[in-house]
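All values below come from the heavy atoms of this structure, side chains included, with hydrogens, waters and symmetry mates left out.
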Amino acid sequence: LLRVLDLLTPMETRKRSREEIEGAEAETPPNETSSDNDGGKAKGGLSESSKQIPTATEFIAPSEQFLTLPPELKDVDFSKRVEWRKFAPYTDDPLPLTPTDQPAVFSSQYPALCFHVHATSGRARATTLHLPSERKVPTPIFMPVGTKGTIKALTTEEICNDKALNCPIILGNTYHLALQPGTELVRDMGGLHKFMQWDRGILTDSGGFQMVSLLKLAEITEEGVTFENPFLQQEDKDVNDRERMLLRPEDSITHQNNIGSDIMMALDDVVSSVTDNDERFEIATYRTLRWLDRCFAAHSKPKEQNLFAIVQGGLDTKVGGLREKCLAGFQARDKQIPGYAIGGLAGGESKEQFWKVVNQCCKSLPDDKPRYLMGVGYPLDLVVCSALGVDMYDCVYPTRTARFGVALVPGEAPGTMRLKNNEFSNDHRVIMEGCECQACKGGYTRARLNILLKRNNPLAAALMTSHNIAYMMYLVRGMRKAVIEDRYGEYVRSFIHDQFRGSEKGGQDVPQWVKDALEEAGIDLKLDTP
C-alpha cells in the first residue's frame with residue numbers, strides 16, 4: 001500500500017494545475033463536487049510521469065458553459081439522425097469486403113490498426129482487427145478481464161496455449177494497474193505484454209468506469225476525477241491525505257502509454273444509467289467530447305497504440321438527443337479516431353433501454369471501424385447485440401461467476417449450472433459434453449467439482465474459470481462462423497429456441513426485448529422453429 005506514495009503529485013503541482021484552470025470550477029453544477037472542498041489538500045496525479053503533462057487548458061470549459069452546445073455542433077442538423085459512412089444493409093451501397101487471408105496494410109492515418117470486414121449476415125459482421133506486432137483479433141470477440149494483468153486462477157500459458165481458450169485479446173484496468181503495482185513499474189519492465197508474458201492483444205479501459213463503481217469515493221470536476229484510495233483502511237485516511245488521487249484525461253493516457261496496450265480507451269465522464277438527473281447527463285456528454293480532445297493531445301504513441309472514443313449520452317436515444325450529440329461530436333473528430341466504443345450501459349437500465357442504445361449507436365457509427373460494447377458479457381446479450389452490429393465485448397461475469405461455482409452451459413435459460421447445489425453431489429457427468437476445457441477434457445465430474453467448490457479448493461476456481469472462458473470462446477467462434485457462412489439468422493434462432501422453449505413446453509418464453517431487438521436486426525424468430 002505504500003506504493004500509493006509514489007502515485008501522488010506534490011502540492012505545488014496540484015496548485016499550479018488548479019491555477020491553469022482559471023476558475024473553471026467556481027460554480028459547481030448539480031451532483032458534482034469541487035476537489036477544492038478539502039482546503040486544497042488533495043494531491044493530484046496517479047503517476048510520476050503524469051506530473052510532466054500539464055492540463056490542456058484550451059479544452060477546459062468554465063462552469064457557465066457546461067450546458068452549452070459545443071461549438072463544433074452549432075451547425076449540425078439535429079432534426080435527422082446522425083450517421084456516417086454507412087453501407088448495406090443500412091443503405092443500398094455494398095460494403096467493401098476483404099478476404100480473411102488478406103495481409104494487413106497500415107495507413108499513416110491509423111498506423112496501429114488495420115480493420116478488415118470479411119463478411120456480413122444481416123447486420124452481424126465477421127471482421128479482423130490487425131494490431132501492432134502482428135497481433136490479430138477476429139470478431140465477434142469476447143475479451144476476458146485481467147484487471148491487474150492477470151486472469152484470476154489461470155496462467156498466461158493456459159490462456160494462450162489451451163486450445164479451448166486461445167484468447168486473442170484480454171482487457172486490463174488502468175485505474176487498478178496505476179494503484180498497484182504502478183504503471184511506471186510496468187513501463188520499466190517493458191510494458192504489460194512483457195510484464196505478464198503475453199504476446200497477444202491488450203485493451204485497457206481508461207478508469208472512467210470507476211466513476212460509477214467507486215462513485216462514493218470519487219469527486220468529478222472539469223479537470224478530472226479525484227478518488228479516495230479504496231485500499232487504505234479508515235484509520236489511515238488522515239495520514240498526509242494519501243488517499244486523494246486525481247485522474248485527469250492526461251493521466252489516464254499517460255498510464256495507458258506506460259502500460260503499452262494495443263487499444264486504449266479515452267477517459268470519459270461516466271454517469272450511472274439509472275441516475276435521475278438530465279442536467280448531469282448533458283454535462284457529462286459535452287465533457288466527454290472535451291476530455292477526448294485532451295486524451296488525443298496527451299497521446300504520445302499513436303504509431304503503436306490506438307485510442308478509441310466512447311459514446312456517452314445516457315439513455316437518451318431520441319432524434320437530437322444526447323447520444324446523437326455525442327455521436328455528432330465524434331463524427332467531427334472521426335479522422336483522429338480508429339475505433340468506437342458504446343459506453344454507459346450494463347448499469348441497471350432495463351433491457352428495452354439497453355438494446356435501443358446499442359441499436360442507435362450501431363446504426364450511426366461508420367461501418368469501416370470496429371464497434372466495442374463495454375461491460376457486456378451475458379451470452380444472450382452477445383448473440384443479440386452482434387445481430388445489431390457489435391464486434392467486441394468484455395465483462396467480468398464469466399470469470400467472476402466461475403469463482404462462485406457457476407458454470408456457463410448451452411441450453412435452457414439462464415444457461416448456467418450452479419455446481420455448489422446438492423443436486424450435483426452425485427452427478428458423474430462432466431459440465432458440458434464435447435467441451436475441451438481443462439475441467440471437461442480432464443474428466444472432472446460435476447460431483448467432484450461440487451466437493452472442491454464447497455471446500456473452497458483453489459483448483460475449483462481454476463477449473464471453473466477455464467470452463468467459462470472456453471464456453472465464451474466457443475460461443476463467439478460459432479457466431480463468427482455463422483456470419484461467414486451467411487446464416488447468422490439461423491444461428492440466432494437456434495440459440496434462442498434452445499434457451500427459451502416456451503411456457504407451453506415447460507420452459508420460459510422469449511423476452512419481449514429479445515424479440516424487439518432481433519426484429520430490428522431483421523431476424524424473424526418464427527422461421528425454422530424446431
Exam field: side chain [X] to backbone [Y], donor-acceptor pair closer than 3.5 Å:
{"X": "Y340", "Y": "L365", "result": "no"}
{"X": "S261", "Y": "I202", "result": "no"}
{"X": "S107", "Y": "Y110", "result": "yes"}
{"X": "Q508", "Y": "A413", "result": "yes"}
{"X": "R200", "Y": "V137", "result": "no"}
{"X": "E324", "Y": "V82", "result": "yes"}
{"X": "D77", "Y": "S79", "result": "yes"}
{"X": "R287", "Y": "F66", "result": "no"}
{"X": "Q305", "Y": "Q256", "result": "yes"}

> ring-ring contact (aromatic ring centres under 6.0 Å, His included) with Y397: which residues, sequence neighbours excluded?
Replying inline: Y378
Any side-chain heavy-atom pair from [X] and [Y] closer than 4.5 angstrom?
{"X": "I263", "Y": "L129", "result": "yes"}
{"X": "L177", "Y": "N258", "result": "no"}
{"X": "L307", "Y": "P302", "result": "no"}
{"X": "L380", "Y": "F500", "result": "yes"}
{"X": "D262", "Y": "P132", "result": "yes"}
{"X": "P398", "Y": "L408", "result": "yes"}

Donor-acceptor pairs under 3.5 Å, side chain of residues 511-518 to any protein atom, not counting sequence neighbours: which ones?
unit_1: Q512; atom_1: NE2; unit_2: D516; atom_2: OD1; d: 2.9

>> Taking salt bridge (charged side-chain N to carboxylate O under 4.0 Å, His left out) as the definition, give me every residue that meets it alongside E520, ordered by chain and number, with sequence neighbours left out.
In response: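 Expected list: R123, K363.
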>> Taking NZ in K74 as the centre, count heavy atoms belonging to other residues, nucleotides or ligands within less than 6.0 Å. Is the count above 12?
In response: yes
> Counting only heavy atoms not in D509, do more than 12 sit closer than 6.0 Å to its CG atom?
Replying inline: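 More than 12 within 6.0 Å, yes.
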>> Can you tell whether the side chains of D293 and R290 come within less than 4.0 Å, N to carboxylate O?
In response: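 Looking at R290 together with D293, the answer is no, because their closest N to O distance does not fall below 4.0 Å.
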Using the side chain to side chain donor-acceptor pair (under 3.5 Å) criterion, which residues pair with [X]? Sequence neighbours excluded.
{"X": "K301", "answer": "none"}
{"X": "R125", "answer": "D391"}
{"X": "D367", "answer": "K86, R371"}

